[in-house]
2 protein chains.
Amino acid sequence: MNKELNERCRLILEAIIEDYIMSGEPVGSRALTRRHNIALSPATVRNVMADLEEMGFLTSPHTSAGRVPTEKGYRFYLDSLLQVKQLSLGKRQSIQEHYKHRGLRMEELLREAGRILSATSNYTGVVMVPHLTTTICRRIDFVRLSARRILVVFVSQSGIVEHKLIESDLPLTESELQEATNYLSQTFSGLSIQEIKQYIVSQMAEEKAMYDSILRRTLQLSSMALEDDLGGQVFIEGACNILDQPEFNDLNRMKRLMRTFDQKNLLVELLHKSQLTEGVQIYIGSPDHYSDIEGCSLVAASFTSRWGATGTLGIIGPTRMPYSTVIPLVDFTAGLVGSILDIDEE
Amino acid sequence: MNKELNERCRLILEAIIEDYIMSGEPVGSRALTRRHNIALSPATVRNVMADLEEMGFLTSPHTSAGRVPTEKGYRFYLDSLLQVKQLSLGKRQSIQEHYKHRGLRMEELLREAGRILSATSNYTGVVMVPHLTTTICRRIDFVRLSARRILVVFVSQSGIVEHKLIESDLPLTESELQEATNYLSQTFSGLSIQEIKQYIVSQMAEEKAMYDSILRRTLQLSSMALEDDLGGQVFIEGACNILDQPEFNDLNRMKRLMRTFDQKNLLVELLHKSQLTEGVQIYIGSPDHYSDIEGCSLVAASFTSRWGATGTLGIIGPTRMPYSTVIPLVDFTAGLVGSILDIDEE
DNA sequence: GTTAGCACTCAATAAGCAAGAGTGCTAACG
DNA sequence: CGTTAGCACTCTTGCTTATTGAGTGCTAAC
């Protein structure tokens, strides 16, 4: 069916979607012919519109309103019609400026990326620091808070720092911990967390007999330290930006979106998904698919440093978003963040 | 003038405010006499109300609506009328439950406190980790990311972990860093950051002559590490809870509040203020004072561990909030968090 | 296949109206 | 003199009713 869309249909569909993206109002046949000097009469356009509606690309809020793109309409637009512009040199430079002259901490760096996305697009920026399982370990440190409470500080190869508290069944002295720290740094530096876990399991099997050996306790400690996944945070920046969009004059939709931001799990899920794929991904909220962000879309891309996937970032805005500028913005920012992580690594 | 408020006026003012807190609607004379079996006729109540309005405790949205408390009204209510209940045993226990069986990281612990405040009150919970200048240093670690890029990991006596990136003018080897780390841990452990800074300044004066000594470079490094204040984060939990309040059917007010949450600086300011004072502080948003949170109040208290002030937490809700339960909730949670920090410390 | 014309639909806006809640004032009461 | 009943007045709220205007779908003519 889609293949049957002839040139004229495609042209009109594109015009409608772009008009709608600009105005946010249902677009009618008459207005359309005037704005995009189309050499057709409104009546003809109406016929085409009726066809497009039947095919599921358009819908009308009520009988006597114009047409609005459906999710399917947007999808087709994104896949077949949209021409992504290049990000203007000025914007690229201004974004790069943000990162100059800064000794940012990793967390701040990612937050800043979110802020840039938000400020440049006037929508909401999201950044996810991934779970660390796949990342490479640069260093593991133990800090003794009390005899049984140990703080684990984990530094990944790309400079992301995470820490967690663990509780040991046996009391540990400062020197025991020091020894464990040294052992770990030497043994595990340069491995990924998954590899470390495997190594620990095999070692512990060997050491089974030796009940109270230092090594055994060190291994136990490390095992606990790596037990739950570290990381997986999501930063949301500029959540309120999106509220200025006219579609959020609807109080309830607005509340639901805020709730989604608050809970974050949907975002984590989506960002995780796009982590697995190359390039820019677009998720369109709809009553069926991602009802929590109905009326909104997420444009996401993962950024990677030389050491493997390290995170995902994106923009959440209304579905009627100027994708032709937002997509390259997300793309560029992801690349930039990736390259900055590389610099950090040496 | 305030002193002239006789028993009857106080009683009626209290009744009005409590009614308003319950209903959110302007309260009229007739409804008042019925709900709080007051042995007065509506007409008399009206006279009293007129007096209270003239004195600035009440106002009416329009001629034929009931009365609504002003900021001054709330203040008087909070200072002179309100009787704070004790937090019910059940609630106290359920809050304590949240903290059992958990090896929480410091950050998670504070976030969780915010979540508890939010969930128990159905409003928005805020928690501020303070700047670290006053806190005691347990450990400073350097992690070498590249020759010039150093990650500083700072662990406070109470287990708060902070890290930042610094850029050194001279390349540093792994072993140099190791030496610096050892030196610092031995020299500075147990001092507050302020003390450390002072010590460094005095030492650097002495070492002025020795241009390239290890000690000098160590000191330089430490100085950079402590340069800007670390910390000062604010966690906001349950921001969307507050949106269910009827006063936020006003879209603009809602947007402004969300913007305030996004930017955080007003919150930082207020939370900082209450850090300096004992006990529970209440800030009432009004067009004059804190116009960004107009219609809202912040109920805040600082939590302290044995090692000195460590942070502030609180609840942001509509000004018409059931203070008699919110205040003890904030108070109790602040105490609990403080005591948990103590446990962490040994 | 395209277009002009026309009747029809429906949301949005405004206007008018009645109901209800609450006030302020005045005059009477104990 | 404080308190109360009565009453006219005000102002919101909800409801109904026109009116307008944008846009459609259909039909018939080009």
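Every chain is numbered from 1, with letters handed out A, B, ... down the list of sequences.
Judged as a salt bridge (Lys or Arg N to Asp or Glu O under 4.0 Å), the pairs with a partner in residues 15-41 of chain B (not counting sequence neighbours) are, in order, B:D19-B:R35. Screening residues 279-293 of chain A for salt bridge (Lys or Arg N to Asp or Glu O under 4.0 Å), with sequence neighbours left out, gives no hits. Residue pairs meeting the salt bridge (Lys or Arg N to Asp or Glu O under 4.0 Å) criterion with at least one member in residues 324-334 of chain A: none, sequence neighbours excluded.
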_Strand DNA chain D as a dot-bracket string - pairs counted if Watson-Crick or G-U with both distances under 3.5 Å, | where the partner lies in another strand_ = ||||||||||||||||||||||||||||||
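Every side chain to side chain donor-acceptor pair (under 3.5 Å) that B:S41 has, sequence neighbours left out, goes to B:T44. The side chain to side chain donor-acceptor pair (under 3.5 Å) check on A:Q86 picks up nothing, with sequence neighbours excluded. Every side chain to side chain donor-acceptor pair (under 3.5 Å) that A:Y290 has, sequence neighbours left out, goes to A:K273. With sequence neighbours excluded, the residues that form a side chain to side chain contact (heavy atoms under 4.5 Å, CB included) with A:P328 are A:V84, A:L87.
At distances below 3.5 Å, at least one donor-acceptor pair connects side-chain atoms of B:T124 with backbone N or O atoms of B:G238. At distances below 3.5 Å, at least one donor-acceptor pair connects side-chain atoms of B:T70 with backbone N or O atoms of B:G73. A donor-acceptor pair under 3.5 Å is formed between the side chain of A:T319 and the backbone N or O of A:G295. Side chain of A:K264 to main chain of A:V234: a donor-acceptor pair is present (N/O by atom type, distance under 3.5 Å, no hydrogens or angles).
A heavy atom closer than 4.0 Å to some atom of DNA chain C occurs in B:G28, B:S29, these being the qualifying members of residues 11-45 of chain B. Applying a 4.0 Å cut-off to non-hydrogen atoms, none of the residues of residues 244-253 of chain A approaches DNA chain D. Across residues 64-71 of chain B, B:S64, B:A65, B:G66, B:R67 each have a non-hydrogen atom less than 4.0 Å from an atom of DNA chain C (numbered order).
The side-chain contact (heavy atoms from CB on, under 4.5 Å) test with B:V27 singles out one residue from B:L32, B:L58, B:I17, and that residue is B:L32. Of the listed residues (B:C296, B:S297, B:S274), just one forms a side-chain contact (heavy atoms from CB on, under 4.5 Å) with B:Y283, and that residue is B:S274.
Heavy-atom distances to DNA chain D give each of B:P61 and A:M49 a nearest nucleotide, and the one nearer the 5′ end belongs to B:P61.
You'll find the side chain of A:Y123 reaches within 4.5 Å of the side chain of A:P322, heavy atoms only.
The 12-atom threshold is exceeded at NE2 of B:H36, counting heavy atoms of other residues, nucleotides or ligands nearer than 6.0 Å.
Think of the region where chain B sits on DNA chain D: with heavy atoms and a 4.0 Å cut, that region ends 5' and 3' at D:dT3 to D:dT12.
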